[in-house]
K.L.:
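My structure is below; once you've seen it, I'll send some questions.
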Amino acid sequence: MSDDLMQKIVSLCKRRGFVFQSSEIYGGLKSAYDYGPLGAELKRNLMTEWWTDMVHRRENVVGLDASIIMHPRVWEASGHLAGFSDPLVDCKVCKERFRADNAPRAEEGADATLRFPDKGAAKAALTQLTEQLGVTAERRGKEIVGLKAGAAGYVCPNCGSPFLSDERQFNLMFKSAIGATDPLGEVAAAIEAGKLEGLGGRELRTALEELTRPSAVYLRPETAQAMFVQFANVQQALALKVPFGIAQMGKSFRNEITVEHFIFRSCEFEQMEMEFFCEPGTDEEWADYWMNERMSWWRRYANAPDKFRFRAHEDAELAHYARGCSDIEFAYPWGWGELEGIANRTDYDLKKHAEASGSKLEYFDPVKQTKYTPFVIEPAAGATRGVLVYLIDAYHEEEVEGAKGKTETRVVLKLHPRLAPYKVAVLPLVKKEGMPEKARAVVDAFLQKGIAARYDEQHAIGRRYRRHDEIGTPYCLTIDGQTNEDDTITIRDRDTMEQRRISIDGAVAEVQKLLA
RNA sequence: GCGGGAAUAACUCAGUUGGUAGAGUGCAAGCUUCCCAAGCUUGAUGUCGCGGGUUCGAGUCCCGUUUCCCGCUCCA
């Protein structure tokens, strides 16, 4: 059922021009998606709503639009360069993949006991050990005993097996090279000069890294760091007093181990983040404040507000820099999943960057005459996730009575009017008696005001209504026979399908009122 | 990356033991039509994901590969 819903949404997205697979005619590129005309509007509307709410409506929050490529030392200081290259290992017995540094320790030669959920699984594992790995061991119920831990120094956290793949580095940051010359030229020159001769494994890797390091740059894996790095500039330029926030929207890039669920997790994605700098000791209060602000923002545009919830991170899953973190989760078709994280990042980031750069990233409180490193509350939302969330929230199938009295299924995207790609569709009831001309004039009036409007005369009126239901157009304006008599048109509500008459001259003002 | 499934028209899908690529929907043109995918006429659209192989002949069989979906894992 849930897969079904996602498939319908994916299909609608393509058919109606919300989201296309990237580079589709070349076979597609993994996890890359393009936002079509309607998707571009939806995403833009969503992000504009965020910016308006977070920046324009608040005196103490300002914006930033930083470059995606920053100095590589930013990522060293932030911990991303190390943290995003954690060695991962696969278990050869149960196929579990895990982080080597989180695995249960087991010194070489220590007893290793494999545990399985039931006897059947243990039997199967024993057979596998014997046949594929050539190992003899003994099974006792759900366990396999008589094995020793290997040189790795740890065992599989899932089944306890010491049969593991080599550690593999996953570079989760997109690496690129800045400069007009290809760093491979340096490598080629070094090879020709024999400088790499005799090197292997880790040594060779290190040597190659050193050769390419001068030109190595990374695409940002989050927008947050620029706001820490520019903290002092922003604070001084605008003479901001703590507490204040810096907000930023934009693309981020991560080589995710797995991408999934359409645009839910992709390597290139868009974020809406704000770093709120506050006095130490007031941080928990501000964390509560922003949690409530952000939750009410998400719910404001939703049909089903109860599909959003908080989930506090347990201590074990907290990032090393965070004192606390609460996710705003949404009930996706596949289950609850993250949409936004509100983290208390303490003074970790500012201190790290101060230390690494040698710059003072402190705040002097002119009233209290004290100097301190502010604490940071970070509401970090996924903009592209937001698009998916509202598409899922908006997608409805309804049984309605058709023209001939039989029940039909109506597909309607109940997008919030401010998020909807088109605000109005203007339809001549029939293509004659001057109706198309009048409809065109109405469309022009909307476009002059910068309101996304669409003229549509194709096919029967009912079909046009349904077509706009499917892309979420909240209002359809129809020019009919009566328009010629009294200069009124009908306005149809997408969700109720009810119509009422309004004056043709007041149409723009009427819709503006509805959108406000 | 590992394991499982899938890919045929814009969408949803059929396609027999290998023998000239189909339907519905949608789309386009026109007629009709004064309000909820109505009716009629006409029309266009296929590198059958891509690349090899087997074969007289491959949408169909084999191999590789790409992409998508479902689990493991990671995050916004």
Side-chain angles (χ1 to χ4, degrees), chain A residues 2-3 6-8 10-17 20-32 83-84 86 88-92 94-99 102 157-158 165 168 170 172 221-224 252 254-267 269-273 317 319 327-329 334 337-343 378-386 388-389 400-406 408-411 427-433 435 458-470 476 478-484 490 492 497-499:
Chain A
S2 58
D3 297 349
M6 275 309 284
Q7 275 166 22
K8 284 174 178 171
V10 171
S11 167
L12 188 150
C13 278
K14 178 175 183 183
R15 198 157 28 89
R16 295 300 191 196
F20 305 120
Q21 165 101 70
S22 162
S23 319
E24 193 185 73
I25 63 170
Y26 286 103
L29 181 67
K30 189 176 188 163
S31 160
F84 272 178
D86 294 324
L88 295 191
V89 176
D90 290 321
C91 173
K92 290 179 181 174
C94 70
K95 309 297 179 194
E96 175 86 355
R97 161 168 295 182
F98 57 91
R99 273 173 58 171
N102 284 351
N158 185 42
S165 73
R168 274 167 306 172
F170 285 79
L172 290 184
E222 63 175 24
T223 60
S252 292
R254 290 178 198 172
N255 273 315
E256 299 287 353
I257 298 168
T258 318
V259 292
E260 60 184 354
H261 301 310
F262 194 41
I263 56 174
F264 176 75
R265 175 179 295 120
S266 48
C267 293
F269 60 105
E270 205 139 1
Q271 292 186 298
M272 307 183 294
E273 293 194 296
E317 62 178 319
D327 286 347
I328 292 176
E329 294 191 328
W334 60 86
E338 191 180 359
L339 172 61
E340 171 160 355
I342 294 119
E378 175 196 79
T384 34
R385 267 183 197 181
L388 180 59
V389 159
V400 295
E401 199 168 300
K404 291 188 296 185
K406 64 176 179 182
E408 287 166 340
T409 305
R410 179 174 87 117
V411 174
L427 321 169
L429 190 58
V430 293
K431 278 190 274 184
K432 55 186 183 187
E433 292 166 28
M435 292 182 198
Q458 211 61 258
H459 297 298
I461 187 71
R463 200 177 293 203
R464 282 177 272 166
Y465 286 146
R466 294 300 168 80
R467 206 155 48 207
H468 280 282
D469 289 342
E470 205 180 13
C476 285
T478 304
I479 283 76
D480 59 12
Q482 199 179 323
T483 308
N484 286 329
T490 63
R492 168 189 181 271
M497 295 191 287
E498 281 168 7
Q499 289 174 284

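Chain letters run A, B, ... following the sequence lines, proteins first and then strands; every chain starts at 1. Just so it is clear, the structure is predicted and the values come from calculations on it, not from any experiment. These values consider heavy atoms only, across backbone and side chains, with no hydrogens, waters or symmetry-generated copies.
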K.L.:
Does C27(B) have a Watson-Crick or wobble mate here (both distances under 3.5 Å), and if so which one?
P.N.:
G43(B)
K.L.:
Taking atom types as they are modelled, is there a donor-acceptor pair under 3.5 Å from the base of C70(B) to the side chain of E260(A)?
P.N.:
no
K.L.:
State the pairing partner of U17(B); accept Watson-Crick or G-U wobble contacts with both distances under 3.5 Å, and report none otherwise.
P.N.:
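The base-pairing partner of U17(B), which may sit in any strand shown, does not exist here.
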K.L.:
Any strand is fair game: report the nucleotide pairing with C74(B) by Watson-Crick or G-U wobble, both distances under 3.5 Å, or none.
P.N.:
none
K.L.:
Counting only side-chain nitrogens and oxygens, does R15(A) get under 4.0 Å of the OP1 or OP2 atom of U12(B)?
P.N.:
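Result: no.
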K.L.:
With respect to the phosphate group of A38(B), does any side-chain polar atom (N or O) of R463(A) fall under 4.0 Å of OP1 or OP2?
P.N.:
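Yes, because at least one side-chain N or O of R463(A) sits under 4.0 Å from OP1 or OP2 of A38(B).
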K.L.:
Quick one: is K432(A) getting a side-chain N or O under 4.0 Å of the U33(B) phosphate, OP1 or OP2?
P.N.:
yes
K.L.:
Which letters describe nucleotides 45-52 of chain B, given B = protein heavy atom under 4.0 Å from base, S = only from sugar-phosphate, - = neither?
P.N.:
--B-----
K.L.:
Indicate the ring-plane relationship of H261(A) and W334(A), choosing parallel, tilted or perpendicular according to the 30° and 60° boundaries.
P.N.:
parallel
K.L.:
Need the pair for A9(B). Rule: Watson-Crick or G-U wobble, both distances under 3.5 Å, any strand; none if unpaired.
P.N.:
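Paired with no nucleotide.
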K.L.:
At under 4.0 Å, does any side-chain N or O of K14(A) touch on OP1 or OP2 of C11(B)?
P.N.:
yes
K.L.:
Is there a donor and acceptor pair closer than 3.5 Å between the side chain of R492(A) and the base of C36(B)?
P.N.:
yes
K.L.:
Can Y465(A) be classed as stacking with the base of A37(B), given a centroid separation cut-off of 5.5 Å and a plane angle cut-off of 30°?
P.N.:
no
K.L.:
Can you work out whether Q21(A) or S11(A) has the more 5'-proximal nearest nucleotide on RNA chain B?
P.N.:
S11(A)
K.L.:
Given A28(B), is OP1 or OP2 found less than 4.0 Å from the side-chain N or O atoms of H459(A)?
P.N.:
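The answer is yes; a side-chain N or O of H459(A) sits under 4.0 Å from OP1 or OP2.
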K.L.:
Would you indicate, yes or no, if C36(B) has its OP1 or OP2 atom less than 4.0 angstrom from a side-chain nitrogen or oxygen of Q499(A)?
P.N.:
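No, because none of the side-chain N or O atoms of Q499(A) sits under 4.0 Å from OP1 or OP2 of C36(B).
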